[in-house]
Structure formats: C-alpha cells, structure tokens
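These notes concern the structure reproduced below.
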Amino acid sequence: MGVNIGQLRDWLKSYDRDSITIGVVASHSSLQILHGARMEGFRTLGIAVGDNRRRFYSAFPGAEPDEWLMLDNYREMLGHAEWFRQRNVIIIPHGSLVEYLGTTNFRNLEVPTFGNRGILHWESSRERQRKWLEEGGCLMPKVIDDPHEIDGPVIVKYAGAKGGEGYFIARDYRDFKRNVNLDEDFTIQEYVLGCRYYMHFFFDPTATDGFQVQGRGSHAGKNLGRLELMSMDRRDESNVDEFYKLGSLRDLREMNLEPSFVVTGNMPVVIRESLLPRAFEMAEGTVAASYELEEGSRGMIGPFCLETIVSDRLEFRVFEISARIVAGSNPFIGGSPYSDINEEFMSTGRRIARSIRKALISDKLDQILS
Ligand code: AMP
C-alpha cells in the first residue's frame, strides 16, 4: 500500500528541476508554507474547495498562490495526480490535507510529497504512537484501561477527534459515565497537571552538520541527520483556557458546564533554557526510534511536533506527536526566538522549502520526499 521509493524516483525523473511548484491545500498552515516557498524562489499552487477560500487569499498577496486548482471535493486530488506531476508539483502535507483525504487516500496520492508518508501509519493510532514515543525514551501519561479504576483526574479522548472536540475531564467513574459517548472509541489518560509546550522540531536527513541524531538498533553508530528546534507554542483551547474566570470546577458543575478542549488559536512560548537539553534528548530519541519502527523504515523526515506537559518537578510528559507541520508554528512566519539564532525569518514553512531547494542542488530529492 502507498507509494514506494521506486515509483517516486520514476516520477522525479520527468520533473523539470527549474520549475518545481510547491502545492498546498489552502488551510491550516498554508499561508506560512506559501510564503516560505516564495521566499525560497518557488512557484506556488493553492488547492481549494469553494471560491470563498480563494478570495480570502487575496488579502495576503505575500502568500497568494501563483496558480489555483479549484475542486468540488478534496478527494478529487487523487484523480488529478497526473495533472500535478505535469506541473512538477511537490505537495506539502499538513493536518487538514490528511483529514480531508483520509490517511489511506493520502498515502495513495500519486504525487511527490514532502516527508515520509509511511510514518503516518504510526502517527494515526494512539497505541502505535505510544510504542514509538516510549521507544524513543519519552515518558507518556498513564492509560487507564478500566473506567471503574478512575481515581483522580483523567482526560477522556476520542479517536480521530480533531482539535480536542468532545474531550472531557472525569474525577471518578460517575463523572465518566455521565459524559462518555460509548458509540465512539476513546482512551482514558491520566490528567497531567502542568504547563503545556508544543515543540516544533525539524529533522533534515540530508544535512551532515549541526546537532546530529545518533542512530540506534540497526542504525547504531551512524549519524542520521540534523535536528533543529524551530519554535514552540501553546494552544488556546476553548473553553478550558478561560474557565477559571467562572469560579471553581464545583461552581461550574453546578451551572452544568464542562470544560472543552477545542483549539481556537496558538500563542508563542519559550521554555526554561535548562529544559532544552532534555527536549532535544526526547526529540533525538523519537527520530532515532522512527528508523526502527519497521523493517526498512525511512524514518521521520522534516517537521514534527512533540506535545508535552511539564510538571512542577520539571519533568516532561509527552501526550502526542504530530509527524508533520503543525498549525502551532503559524505565529512564527517571521521567525522565532529559536530559529532566529540560526537564520532570521526562517519559519517551518520556509525551512521545508529550503530543504527542497538544497536537495535539488545536491540531487537528493528522493531522500526527503515520498
Ligand atoms: P490531544 O488531542 O491529545 O492533542 O489533546 C488536546 C488537548 O487536551 C491538549 O492540548 C491538552 O490541553 C489536553 N490534554 C491532552 N492530554 C492530556 C493529559 N494527559 N493531561 C492533561 N491535559 C491533556
């Protein structure tokens, strides 16, 4: 299933290296991706459903695509594969693209795509994510298998929920029963008390300088590529982030109000500098483990985000990984306190385009696309 490296190389043979076009679905982090692609000198293509979407981009001429592909449904992208390839398009995936197409369709989209689509199999299930992250040396929140055993705050998460919709907090079995929707698959996790940091990393397997990730297992003794910290955010979640204004949890329950975790925006943050070495250790382990997930795994390529909570004992718990660009990198279109140290105005979107530019020059495109 999915596109194999041989197919990718065949497509790339017919690509005109001087007129590569960066294609992106117009949503999520597309302003950043389009802007970054333009800064690195690429032509750009926006893919959208509905004229309203297209019109909106005229408000941002600095990121407005050079060309549009207008569709009635995002799944029509699958039938446009040849059309994309004739225009030398490289698609940059983000959360909305994967959501609109579905994981299987996305894996089968016959167009060169930035990053390793194979890694999505590991990202798309909580159990597989856990195996991956724990093998990478990350500590995760405990899982409670039997709801009768809830004795302290837990968070109940639905599978496939986008942006935390429907999640709730329960203190005991009664709370759980009152709120749970048994028609949906759910996971019960220990509620970790602390501050959230969503850390945006970038892994470039073609770079031989900088912070080199050390391989493990079948890759022991090898340098796998360069790990960079691009930026960090915290999500704004409605309405849990503003709940405190209405009083205690008990007051809120009396008003029949339950906190919800729907993402509405993002805020820039930095973390205590003394926590950065541990952050790098976790990210390095995660990248190294990605190469050992299955026989012949191409590992993590490009941007990924470790979603963490830091306790008052200064310990990290990682509750999720996103193996692609996250919308939390959007506050940093003009650079971040971390990326500015290395090069100013380097957003994650631009870093993706830079990586494509460098790979074009060194003839390594097949190492960063799938
Ligand atoms: P997720 O869908 O896993 O990214 O979670 C959505 C939101 O729920 C996060 O941004 C956190 O605010 C919150 N959350 C998720 N897992 C936990 C946890 N184990 N403890 C506390 N809060 C959590």
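Count residues from 1 along the sequence. Excluded from the calculations below are hydrogen atoms, water molecules and symmetry mates; all remaining heavy atoms, backbone and side chain alike, are included. When a ligand or atom number is given, it counts from 1 through the structure's own listing order.
The heavy atom nearest to atom 6 (C) of ligand 1, considering only Phe319, Tyr167, Tyr158, is found in Tyr167. Summarising the contacts of atom 19 (N) of ligand 1 with Lys157, Gln189, Arg234, Gln129, the nearest heavy atom is found in Gln189.
Near Phe261, meaning under 4.0 Å from any of its heavy atoms, are these atoms of ligand 1: 8 (O), 12 (O), 13 (C). Ligand-side atoms of ligand 1 in range of Glu307: 4 (O), range being under 4.0 angstrom from any heavy atom. Atom numbering of ligand 1 starts at 1 in the shown order; those under 4.0 Å from a heavy atom of Glu190 are 18 (C), 19 (N), 20 (N). Close approach of ligand 1 to Pro141 (heavy-atom distance below 4.0 Å) involves ligand atoms 19 (N). Under a 4.0 Å criterion applied to the non-hydrogen atoms of Ile155, ligand 1 contributes the atoms 8 (O), 13 (C), 14 (N), 15 (C), 16 (N), 17 (C), 18 (C), 19 (N), 23 (C).
For the salt bridge (Lys or Arg N to Asp or Glu O under 4.0 Å) criterion with Asp363, the lone passing option out of Lys358, Arg17, Lys13 is Arg17.
Looking at Glu127 and Lys131, no side-chain N of the basic residue comes within less than 4.0 Å of a carboxylate O on the acidic one, giving no salt bridge. Salt bridge present: Asp241 and Arg196 bring a charged side-chain N and a carboxylate O closer than 4.0 Å.
Checked against salt bridge (charged side-chain N to carboxylate O under 4.0 Å, His left out), Glu134 has the following partners two or more places apart in sequence or in another chain: Arg130. Listed by chain and number, the residues in a salt bridge (charged side-chain N to carboxylate O under 4.0 Å, His left out) with Arg87 are Glu67 (sequence neighbours excluded).
The part of Ile309 lying near ligand 1 is the side chain, judged by heavy-atom distances below 4.0 Å.
Ring geometry for Tyr291 against His219 counts as perpendicular: the plane angle is over 60°, on a 0 to 90° scale with 30° as the lower cut.
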